[in-house]
Number of protein chains: 2
Amino acid sequence: MPVTIQDVAREAGVSVSTVSRAFTVPDLVKEETRQHVLQTAERLGYRPNRAARGLITGKTGNFGVIVPDLSNPFFPTVLKGVQARAREADYAVFLADCDENPAEEMALVQAMAKQVDGVILCSSRMTPSQLDRVVGTTSLVFINRQVRDSPAVLMGPAGGMRQAIDHLAALGHRRVAYLNGPKTSWSNRERRRGLRQAARHDMEIVELGPFAPRFEAGPHAADLVIAEGVTAIIAFNDLLALGVMSRLADRGVAVPEEMSVVGFDDIPMAGMATPPLTTVAMQNERAGRAAVDLLVNLLTVSGADAGDLRRDLECQLIVRASTTVPARS
Amino acid sequence: MPVTIQDVAREAGVSVSTVSRAFTVPDLVKEETRQHVLQTAERLGYRPNRAARGLITGKTGNFGVIVPDLSNPFFPTVLKGVQARAREADYAVFLADCDENPAEEMALVQAMAKQVDGVILCSSRMTPSQLDRVVGTTSLVFINRQVRDSPAVLMGPAGGMRQAIDHLAALGHRRVAYLNGPKTSWSNRERRRGLRQAARHDMEIVELGPFAPRFEAGPHAADLVIAEGVTAIIAFNDLLALGVMSRLADRGVAVPEEMSVVGFDDIPMAGMATPPLTTVAMQNERAGRAAVDLLVNLLTVSGADAGDLRRDLECQLIVRASTTVPARS
DNA sequence: TGAAACTATGCAAACGTTTGCAGAGCCGGT
DNA sequence: ACCGGCTCTGCAAACGTTTGCATAGTTTCA
């Protein structure tokens with residue numbers, strides 16, 4: 001039923017080699033025959049079998065993406081970038097969601113390894129020892145995780161954190177809470193690092209947490225924050241920030257009048273919240289695309305091209321309505 | 001470098017056939033040798049090459065999922081279900097996002113066809129004629145779209161719509177607006193159908209739209225609604241509902257006191273909005289799983305098992321804080 | 001004791017490609 | 001007239017599996 005290269009060859013009156021070459025190395029076959037072959041192929045609806053091709057070339061034309069949790073709105077956006085760029089580069093993408101489970105993530109990489117030319121690990125939750133076991137099984141590119149000299153695209157939050165701090169300082173805040181994310185998270189470590197770098201003598205930072213990076217953790221965080229007597233909050237991510245705002249509303253603390261709130265990620269709902277959330281936007285989609293670029297680069301240039309193994313993407317503070325000058329005490 | 005079945009055979013001192021059988025038809029090989037083979041395979045880190053296997057069996061062990069837009073939070077949740085169930089059934093999933101573009105969607109199906117055993121089309125945007133061209137190229141399962149007698153899992157909104165109407169009626173609303181989604185959308189047609197079925201003599205329905213199923217379309221819709229003088233709104237989906245609420249807030253119309261709002265989908269941010277949105281919850285994740293079940297069923301049982309080609313999932317009204325009794329006029 | 005029936009294994013062909021090698025035809029230079 | 005080189009094409013081997021057929025060994029039963 002499926003039409004193979006043989007069918008095309010027979011129909012076109014040439015050998016299979018010629019058909020194959022007409023597709024893969026066009027300049028090796030006479031223009032005239034080539035056109036003929038292409039037309040017959042088109043007419044028969046021929047599509048090369050990538051599996052068979054992969055068998056001999058050793059390349060599959062696929063790669064994998066593993067994300068910790070599809071229901072975290074951060075990931076679909078980077079996935080979208082990965083997906084788009086992959087299609088442009090004529091790759092197909094395998095998707096897997098490891099449910100925030102490092103062991104599962106490792107298993108997935110191993111399962112994928114044979115079917116793909118490389119894997120993009122998005123905010124990988126694996127431990128270093130788990131990573132050691134998978135590095136080398138296939139080409140890996142990381143997003144938002146730095147592991148030795150593996151290629152990675154990083155959305156370093158330091159710049160965004162500085163902008164957030166400066167923004168709050170300019171508004172007049174002098175005592176600000178930072179709500180930590182998961183303590184094993186690379187992102188949280190980087191955000192804290194950014195926080196320390198941005199430290200100012202005229203502002204006191206109160207660290208709270210760690211909290212799960214989810215809406216549900218917000219209320220607990222909010223209660224702790226209120227007790228601290230700060231005038232502004234920087235949350236590890238938007239989900240947490242939104243959870244906090246929800247609880248603040250319940251407790252009658254007006255945002256932004258009595259409490260300014262800043263998030264991280266600029267997930268779609270950040271702009272839809274009431275009040276719309278001031279947040280640090282990551283270039284997720286571009287990160288996805290960049291990861292693909294890194295990967296294809298890694299696969300095509302053979303040698304140790306120590307060049308651009310790493311891509312750093314700036315982030316950007318987006319000021320919306322959840323921040324303003326602190327209330328007079 | 002990669003370890004093949006040959007390596008295992010040599011190392012274990014048996015033929016490749018035996019190794020192959022030890023994995024695929026365990027009862028054809030003596031338990032003792034089988035254990036031996038399995039251990040050597042494990043020791044060498046052997047993983048069967050699915051492409052090679054697929055070449056001969058005609059099955060790839062993969063399937064594809066195509067969604068219209070990953071940044072619509074509705075889809076990642078069903079994707080999550082697909083993904084999880086697929087892994088349980090030992091399938092790998094290809095993901096593609098067609099950017100709401102029907103032509104692109106068709107091209108994607110065709111491109112995938114050779115690499116997968118079947119494709120799940122989520123809220124397909126294809127025209128009937130486009131569908132005709134792809135039906136038959138590979139096994140298809142639809143989610144939220146009914147096309148002839150193709151297998152499909154449908155989240156029929158009729159029940160949810162009735163619940164929504166009854167809920168609003170019970171609160172005392174007598175004039176309610178329905179905000180249409182895209183008019184080519186199966187979901188919108190079904191929701192309207194549910195609306196008519198749920199019609200009551202004591203309630204007047206005002207239809208508006210169509211609107212894009214996005215937050216950005218909300219403000220426009222909200223302005224129209226206000227002019228209509230209704231006391232409650234049922235929106236095509238949550239995104240639209242949230243956009244409406246945002247605008248209502250801007251225009252000083254209090255939700256729910258002056259205007260009740262009901263959405264559809266129960267996307268994550270519905271529960272996080274202020275006020276939390278009353279909405280009709282779909283069983284997205286279950287829908288994803290069901291689609292996979294349908295597909296594997298379709299692939300394993302050969303004959304025309306006219307049995308369960310269709311799966312209907314009930315939906316459920318979730319009452320939150322965006323609906324209440326109408327203000328006294 | 002011998003045939004029949006199993007059981008466990010190996011051999012080799014097949015799946016749909018790509019690609020090294022070789023041959024055929026042609027052109028230009030001597 | 002011959003040779004070297006170039007251009008185009010075909011043959012056949014390979015990729016890593018699965019599987020029909022054959023074979024050798026073992027058991028069962030009359």
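Every chain is numbered from 1, with letters handed out A, B, ... down the list of sequences.
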Go through the N and O atoms of the side chain of B/Ser17 and the base of C/dC11, and report whether any donor-acceptor pair is under 3.5 Å.
yes

Any side-chain N or O of B/Thr4 below 4.0 angstrom from OP1/OP2 of D/dG16?
no

In this structure, CG of B/Asp97 is separated from CG of A/Leu79 (nearest 0.5 Å) by 8.5 Å

Please compare B/Thr33 and B/Leu55 by the position of their nearest nucleotide in DNA chain C and report the one closer to 5'.
B/Thr33

Between CZ of B/Arg34 and P of C/dT7 the distance, given in whole Å, is 17 Å

Consider the side chain of A/Val29, meaning its heavy atoms from C-beta on, and name the nucleotide among D/dA12, D/dT9, C/dC11 that approaches it most closely.
D/dT9

Protein-nucleotide distance (A/Leu28, atom CG; D/dT9, atom C1'), rounded to Å
10 Å

Rounded to whole angstroms, how far apart are CD on B/Glu32 and C1' on C/dT9?
13 Å

Among D/dC11, D/dT18, D/dG16, which is the nearest nucleotide to the side chain of A/Arg21?
D/dC11

Counting only side-chain heavy atoms from C-beta out, which of D/dT18, C/dC11, C/dT18 sits nearest to A/Ile5?
C/dT18

Which part of the nucleic acid does B/Arg50 contact within heavy-atom distance under 4.0 Å: base, sugar-phosphate only, or nothing?
nothing

Consider the side chain of A/Lys30, meaning its heavy atoms from C-beta on, and name the nucleotide among C/dG10, D/dT9, D/dT18 that approaches it most closely.
D/dT9

I'd like to know if the side chain of A/Arg43 pairs up with that of A/Gln39 as donor and acceptor (distance under 3.5 Å, no hydrogens or angles considered).
no

Tell me what A/Thr18 touches on the nucleic acid: a base, only sugar-phosphate, or nothing, going by heavy atoms under 4.0 Å.
sugar-phosphate

May I have the distance from A/Lys114 (atom NZ) to D/dG16 (atom P), rounded to whole angstrom?
9 Å

Can you tell me how the ring of A/Phe23 sits relative to the ring of A/Tyr46, calling it parallel under 30°, perpendicular over 60° and tilted otherwise?
tilted

So with a 6.0 Å cut-off around CD of A/Glu32, is the heavy-atom count from everything else above 12?
no

Nearest whole Å is fine: how far is D/dT19 P from B/Phe23 CZ?
15 Å

NA contact type, B/Ser20, heavy-atom cut-off 4.0 Å: base, sugar-phosphate, or nothing?
base

Counting only side-chain heavy atoms from C-beta out, which of C/dT17, C/dC11, D/dG16 sits nearest to A/Ile56?
C/dT17

Identify, between A/Ser15 and A/Ala52, the residue whose nearest nucleotide on DNA chain D lies closer to the 5' end.
A/Ser15

Test: B/Arg125 and B/Asp69 ion pair at under 4.0 Å:
no

Distance check needed: C/dG16 P versus A/Tyr46 OH, whole Å only.
10 Å

note: B/Gln115, atom CD; C/dT17, atom P; distance rounded to Å ~ 12 Å

Base, sugar-phosphate, or nothing for A/Val25, non-hydrogen atoms under 4.0 angstrom?
nothing

Length of the CD-P vector between B/Gln6 and D/dT18, whole Å:
11 Å

Among C/dT18, D/dT9, D/dT17, the one nearest A/Thr24 by side-chain distance:
C/dT18

Counting the atoms with a prime plus P, OP1 and OP2 as sugar-phosphate, which does A/Arg47 contact under 4.0 Å by heavy atoms, base, sugar-phosphate, or nothing?
sugar-phosphate

Does the side chain of A/Arg87 pick up a donor-acceptor pair with the side chain of A/Gln83 at under 3.5 Å?
yes

